[in-house]
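Order of the sequence lines sets the chain letters (A, B, ...), proteins ahead of strands, with each chain counted from 1. Values reported hereafter were calculated over all heavy atoms of this structure, with side chains retained and with hydrogens, waters and symmetry mates removed.
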Protein chains: 2
Amino acid sequence: MRPTVHDIAAAAGVSLATVDRVLNQRAGVRTVTREKVEQAIERIGYVRDVAAANLAKSRIYPFVFILPFGDNSFMRGLEAQVRAAIGRSAVERTDISIVSVPAFNAEALVAALDEARARSPAGVAVVAIDSPDVVAAVDRLRSDRIPVVTLVSDLAGSKRDHFAGVDNIAAGRTAASLMGRFLGGRSGPVAVLAGSMLVRDHRERLDGFCAVMKESFAGHAVLPVIEGQDDPALAERLVGEALAASPEIAGIYSLGAGNRGLIAALKHKSSGSPVCVIAHELTQHTRAALNDGLIDAVLNQDAGHEVRSAIRVLKAKADGVAVIGAQERIRIDIFLKDNLPFEEGSETDAPFERGSNQEPEQGRQD
Amino acid sequence: MRPTVHDIAAAAGVSLATVDRVLNQRAGVRTVTREKVEQAIERIGYVRDVAAANLAKSRIYPFVFILPFGDNSFMRGLEAQVRAAIGRSAVERTDISIVSVPAFNAEALVAALDEARARSPAGVAVVAIDSPDVVAAVDRLRSDRIPVVTLVSDLAGSKRDHFAGVDNIAAGRTAASLMGRFLGGRSGPVAVLAGSMLVRDHRERLDGFCAVMKESFAGHAVLPVIEGQDDPALAERLVGEALAASPEIAGIYSLGAGNRGLIAALKHKSSGSPVCVIAHELTQHTRAALNDGLIDAVLNQDAGHEVRSAIRVLKAKADGVAVIGAQERIRIDIFLKDNLPFEEGSETDAPFERGSNQEPEQGRQD
DNA sequence: AATTTTCTGATTTACGTACATCAAATTTTC
DNA sequence: GAAAATTTGATGTACGTAAATCAGAAAATT
């Protein structure tokens with residue numbers, strides 16, 4: 001049988017109360033005694049039963065998630081994943097509230113962060129905008145000892161505890177690598193559609209993309225960035241104009257959201273040679289375009305993984321416990337039409353039963 | 001506060017004992033009473049506290065994992081992941097034993113399955129070999145009501161409960177798609193290196209690959225399959241011979257293991273035009289080759305995900321509880337040199353503390 | 001040596017569920 | 001309508017840990 005606190009007490013020759021004081025770092029234990037207990041723990045290989053501990057504590061973690069709203073599938077998917085996490089809150093002992101702020105608006109984000117701070121939650125997750133005011137607001141939270149995790153887009157120079165998102169430079173590099181190879185012999189410049197250069201994730205993707213294009217595919221010029229504000233309508237207009245202005249465009253890298261507009265523009269472009277298109281985030285629109293051959297590859301970050309990782313990290317930070325870095329690394333998924341995951345719909349292997357023993361993992365965003 | 005069994009009892013106007021009988025489907029409850037209780041559960045939105053339930057049960061799950069041995073990084077990585085799961089067994093209430101069998105040997109596998117059956121574990125996970133004898137052996141386990149999950153390679157026609165692995169047809173299709181596009185204008189046939197046509201995963205990858213090559217890239221012939229038995233030395237020899245015999249080969253798809261041998265053969269092939277190489281499974285060897293430009297892309301299945309998924313499914317089956325299909329789907333990862341995950345090494349964000357509150361997920365295989 | 005302070009032990013309750021036992025109430029059967 | 005069978009209630013213990021209280025022991029201070 002697995003050792004318990006009683007076994008520690010026996011092994012160390014102390015009482016249960018003292019073991020408890022050591023385990024939960026309470027005051028009132030001499031250093032010698034503490035060491036005796038720690039050695040006993042080491043010796044018998046005690047591991048705290050987390051389930052029992054949580055049961056006894058019956059602790060709940062109030063978290064605040066600050067997300068941008070707007071007509072954009074990825075962010076809506078992200079929000080859906082947070083809501084899914086809220087659905088699990090009974091099991092996970094969390095109490096998550098969502099705060100929506102306008103996209104690309106640093107001022108509103110600062111206000112939301114300060115409002116969250118006033119509620120003194122056990123942690124805050126935020127889709128960051130790169131701005132000194134936001135850095136300051138995040139650091140105010142930290143100075144109140146409230147853990148902060150940036151989600152999707154990071155915040156350089158801040159004291160945030162962790163970033164739950166992909167390596168966006170690597171994403172941009174990967175996009176360029178695929179673009180360059182997919183273009184093969186074809187010539188022509190490459191256009192880039194972004195949301196806004198205000199957010200770090202978009203900037204980083206652009207940097208990575210340009211670096212590899214320059215290094216390895218110098219034959220293809222990269223045209224000036226089109227900023228579509230992640231807005232489908234605007235993106236459609238701007239991409240349409242760009243294609244009309246430069247009919248020789250060989251490829252388009254869409255590194256932000258608003259792909260619905262891009263796809264619409266591509267559909268209108270009947271004439272000319274085919275354009276190699278690489279986009280970000282698997283949504284119903286990019287999925288359909290991939291299947292239709294309008295888009296050649298989609299790079300994706302799994303919003304579900306990101307949300308769950310953020311929650312795990314916030315919990316760990318709230319408990320002052322270590323985070324296993326490798327475990328919390330979010331991958332870049334590459335989808336071609338051939339490896340598209342099946343459409344959502346929670347088909348089960350067996351009929352559902354009430355009060356069942358579920359362990360969630362690996363959900364997906366659409 | 002979240003409702004408990006006491007709340008059900010109060011809401012239904014019955015005793016705790018009756019609620020317990022209903023919840024744990026014990027006998028001795030009239031249908032009317034049972035329905036009254038079930039309605040109360042529905043009404044107050046009761047969800048069983050899994051942690052408390054497991055604590056009370058203090059149940060452990062004895063599982064058997066049957067894995068092939070052999071000098072092959074992927075399988076060794078898989079075994080490492082099972083050992084990692086063994087390390088978590090205290091927390092996860094499992095008791096996992098590993099049985100090693102010779103690779104591609106149906107007879108030995110049948111013997112191992114029957115031996116496992118004699119131990120009557122709570123579940124068996126097995127890397128299957130496609131053979132009627134193996135199907136029969138698996139079905140013997142199932143007739144003893146022992147849940148069986150196939151791992152990595154599936155077993156068609158058997159009564160196995162679940163397959164924890166990737167969609168290998170999709171993997172093959174994806175490989176062909178990448179191959180065809182990466183080859184661009186270049187001409188020349190494509191060679192395929194497999195382990196053995198005895199295992200279903202290799203056959204399926206080949207089928208998917210050939211289908212797309214024929215559909216979309218008919219200009220490139222697919223040469224007869226080279227069977228390297230997942231053995232580096234043999235693979236090296238056979239690939240070397242193939243390259244010597246057909247210097248015009250434009251691409252190689254390595255759909256099995258033994259990539260070390262493939263890489264060695266590629267290194268020796270100094271002369272001639274570059275060959276586009278797509279391989280499976282990210283190991284230290286394929287990682288290095290990707291970085292060196294010897295391999296162009298690596299398709300990967302995350303052994304860690306597969307093992308953890310298998311365990312979750314076995315537990316669920318052992319408890320007669322539903323499995324959420326979408327949750328247990330294993331993805332095909334595509335790696336280019338640009339999106340390689342960092343090398344292993346469990347860097348942490350904070351110093352380690354004993355008895356910490358960890359929730360594992362998303363580990364990785366190397 | 002007496003006093004204060006600090007440390008340690010013993011014990012109890014609680015968390016939410018599982019499971020067992022025995023008595024009491026209700027239904028079914030003859 | 002009595003006996004038998006079934007259903008329900010009441011109660012207690014257990015799982016492993018957290019947390020609190022209070023008494024007693026040991027150490028530090030005077």
| field | Nucleic acid contacts of residues 4-16 of chain B, taken as heavy-atom distances under 4.0 Å to DNA chain C | value | B:T4, B:V5, B:H6
Using the side-chain hydrogen bond (donor to acceptor under 3.5 Å, both in side chains) criterion, which residues pair with [X]? Sequence neighbours excluded.
X      : answer
A:R59  : A:D319
A:R43  : none
B:R119 : B:S97
B:N24  : B:D20, B:R48

| said: Here's a test of your reading of the structure: between B:T31 and A:P3, which maps to the more 5' nucleotide of DNA chain D? | reply: B:T31
| Of B:A52 and B:R34, whose closest DNA chain D nucleotide lies nearer the 5' terminus? | B:R34
Nearest of [options] to any side-chain atom of [X]?
X     : options                : value
B:N24 : C:dC19, D:dT21, D:dT17 : C:dC19
A:L55 : D:dT21, C:dT17, C:dC15 : C:dC15
B:L23 : C:dG9, C:dA18, D:dA18  : C:dA18

| message | Using a heavy-atom cut-off of 4.0 Å across all strands, would you classify B:A17 as base, sugar-phosphate, or nothing? | response | base
| request: Tell me what B:D49 touches on the nucleic acid: a base, only sugar-phosphate, or nothing, going by heavy atoms under 4.0 Å. | output: sugar-phosphate
| Is any N or O donor-acceptor pair between the side chain of A:R2 and the base of D:dG16 shorter than 3.5 Å? | no
Please report, rounded to the nearest Å, how far the [atom2] atom of [N] is from the [atom1] atom of [X].
X      : N      : atom1 : atom2 : result
A:R59  : D:dT17 : CZ    : C1'   : 16 Å
B:R93  : C:dA18 : CZ    : C1'   : 13 Å
B:I41  : C:dT17 : CD1   : C1'   : 13 Å
A:E35  : C:dC7  : CD    : C1'   : 16 Å
A:K57  : D:dC15 : NZ    : P     : 21 Å
B:R21  : D:dA10 : CZ    : P     : 11 Å
B:D319 : C:dA18 : CG    : P     : 11 Å
B:I60  : D:dC15 : CD1   : P     : 15 Å

| message | One pair to check against side chain to side chain contact (heavy atoms under 4.5 Å, CB included): A:V64 and A:E115. What are the steps and the verdict? | response | CA-CA 10 Å; A:V64 176; A:E115 190 206 333; over 6 Å; no
| request: Hunt down any stem DNA chain D takes part in, defined as 3 or more consecutive Watson-Crick or G-U pairs whose two distances are each under 3.5 Å. | output: C:1-6 with D:25-30, C:8-30 with D:1-23
| Does A:A310 have any side-chain contact (heavy atoms from CB on, under 4.5 Å) partners at least two apart in sequence or in another chain, and if so, which? | A:F65, A:V149, A:L151, A:A164
| task | Could I get the full list of side-chain contact (heavy atoms from CB on, under 4.5 Å) partners for A:L16, not counting sequence neighbours? | result | A:V5, A:H6, A:A9
| message | Check whether B:R312 reaches the backbone of B:V323 with its side chain - one donor and one acceptor, N or O, closer than 3.5 Å. | response | no
| remark: With sequence neighbours left out, the residues meeting salt bridge (Lys or Arg N to Asp or Glu O under 4.0 Å) with B:R34 are none
| query | Taking only residues two or more places apart in sequence or in another chain, which ones pass salt bridge (Lys or Arg N to Asp or Glu O under 4.0 Å) with A:R117? | reply | A:D144
| What residues form a ring pair (Phe, Tyr, Trp, His ring centres under 6.0 Å) with B:F63, not counting sequence neighbours? | B:Y61
| said: Please determine whether a side-chain nitrogen or oxygen atom of B:R48 lies at a distance below 4.0 Å from atom OP1 or OP2 of C:dG16. | reply: no
| message | One pair to check against side chain to side chain contact (heavy atoms under 4.5 Å, CB included): A:V22 and A:V14. What are the steps and the verdict? | response | CA-CA 11 Å; A:V22 173; A:V14 300; over 6 Å; no
So which protein nitrogen or oxygen atoms get under 3.5 Å of nucleotides 24-30 of chain C's nitrogens or oxygens?
none

